[in-house]
Number of protein chains: 2
Amino acid sequence: MNNRLKVLRAERDWSQQDLAERLEVSRQSVNAIEKGRYDPSLPLAFKIADVFGLTIEDIFSRD
Amino acid sequence: MNNRLKVLRAERDWSQQDLAERLEVSRQSVNAIEKGRYDPSLPLAFKIADVFGLTIEDIFSRD
DNA sequence: AATCAATGACAAGTATGCTTTCCATAAATG
DNA sequence: CATTTATGGAAAGCATACTTGTCATTGATT
């Protein structure tokens, strides 16, 4: 899975830590997901879509 | 998470086994997801959306 | 009545997601 | 130069997703 987290964070000037707090997960989870080391669970994907006001498909795509 | 799998299967007259084969997962996984015992991974959610020609948001929702 | 297809669920095992803790690097700031 | 902030990643542990195998129930068919 590819994701646009880095760009979406940059647009909002959010650090990984900022995003982690909004998502209520650890910074390491944000980093690992952003770098593609693993995929978020579906509930977390929904939460990510929520905080960016986008759909899951806007943010994640299959490679 | 709620899901519309049962209805979507019914509309297509697919058994859980039929859907499992299209998704390349076990029938037990389809059953567990459909009954809400656990959520699919994000890659599987994408695949589910694919086989139904819908978005993840069309199929799954947070409760 | 006997069989079969579909569904629901449990158990044990493997794989993946997520946590905390820790370390390293690079860029900005006092 | 010393410190802080942001990022990337490893290790160990717990939680969840998914597997195969098995069993029980229900409804349809023969």
Side-chain angles (χ1 to χ4, degrees):
Chain A
M1 305 258 337
N2 292 325
N3 71 76
R4 305 207 310 120
L5 291 184
K6 188 166 187 168
V7 169
L8 294 171
R9 277 196 308 107
E11 287 173 353
R12 290 157 182 78
D13 196 24
W14 291 350
S15 67
Q16 292 181 348
Q17 181 65 45
D18 292 333
L19 177 55
E21 283 166 11
R22 290 170 198 264
L23 296 173
E24 298 177 291
V25 297
S26 68
R27 181 187 68 82
Q28 284 77 355
S29 288
V30 168
N31 182 265
I33 291 164
E34 181 169 314
K35 299 299 291 180
R37 283 208 300 283
Y38 55 73
D39 301 314
S41 66
L42 186 57
L44 182 51
F46 266 96
K47 208 162 183 178
I48 292 169
D50 269 5
V51 308
F52 287 119
L54 297 170
T55 66
I56 290 174
E57 288 82 358
D58 285 333
I59 303 173
F60 297 93
S61 61
R62 295 208 275 180
D63 37 20
Chain B
M1 307 258 335
N2 293 326
N3 72 76
R4 305 207 308 121
L5 290 185
K6 189 166 187 168
V7 168
L8 294 171
R9 276 196 308 106
E11 287 173 353
R12 291 157 181 78
D13 196 25
W14 291 351
S15 67
Q16 292 182 347
Q17 180 65 44
D18 292 333
L19 177 55
E21 284 167 10
R22 290 171 197 265
L23 297 173
E24 298 176 291
V25 297
S26 68
R27 181 188 68 82
Q28 286 82 350
S29 289
V30 169
N31 182 263
I33 292 164
E34 181 169 314
K35 299 300 291 181
R37 283 208 300 284
Y38 55 73
D39 300 315
S41 67
L42 185 58
L44 182 50
F46 266 96
K47 209 162 183 179
I48 292 169
D50 269 4
V51 307
F52 287 118
L54 297 170
T55 67
I56 291 174
E57 287 82 357
D58 285 332
I59 303 173
F60 296 93
S61 61
R62 294 208 277 181
D63 37 21

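All values below come from the heavy atoms of this structure, side chains included, with hydrogens, waters and symmetry mates left out. So you know, we letter chains A, B, ... as the sequences are listed, proteins then strands, and number each from 1.
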S.K.: Please say which of B:Val30, B:Leu5, B:Ile33 ends up in a side-chain contact (heavy atoms from CB on, under 4.5 Å) with B:Gln16.
M.R.: B:Val30

S.K.: Restricting to non-hydrogen atoms, name the atom on B:Leu42 and the atom on A:Pro40 that form the minimum distance, rounded to 0.1 Å.
M.R.: CB-O, 3.4 Å

S.K.: Where along nucleotides 16-30 of chain C does protein come under 4.0 Å, by heavy atom, of base (B) or sugar-phosphate alone (S), with - for untouched nucleotides?
M.R.: -SBBBBB--------

S.K.: Let's see if you get this right: which residues in residues 10-21 of chain B place a heavy atom under 4.0 Å from DNA chain C?
M.R.: B:Ser15, B:Gln16

S.K.: So, for A:Asp58 and A:Arg4, which heavy atoms are closest and what is the spacing to 0.1 Å?
M.R.: O-NE, 3.3 Å

S.K.: Within less than 4.0 Å of OP1 or OP2 of C:dG8, is there a side-chain N or O belonging to B:Asn31?
M.R.: yes

S.K.: Kindly compute the distance separating CZ (A:Arg12) from CG (A:Asp18), expressed to the nearest 0.5 Å.
M.R.: 12.5 Å

S.K.: Kindly give the heavy-atom pair with the smallest separation between A:Asn3 and A:Glu34, and that separation in Å.
M.R.: ND2-O, 3.4 Å

S.K.: Do you know the tightest heavy-atom contact between B:Arg9 and B:Trp14?
M.R.: NH1-O, 2.8 Å

S.K.: Looking only at heavy atoms, which two atoms of B:Phe60 and A:Phe46 are closest? And how far apart?
M.R.: O-CZ, 3.4 Å

S.K.: Once you round it to whole Å, what is the distance between P of C:dT7 and NZ of B:Lys35?
M.R.: 11 Å

S.K.: Looking at every non-hydrogen atom in both residues, tell me the closest pair between B:Thr55 and B:Ala49 and how far apart they are.
M.R.: C-CB, 3.9 Å

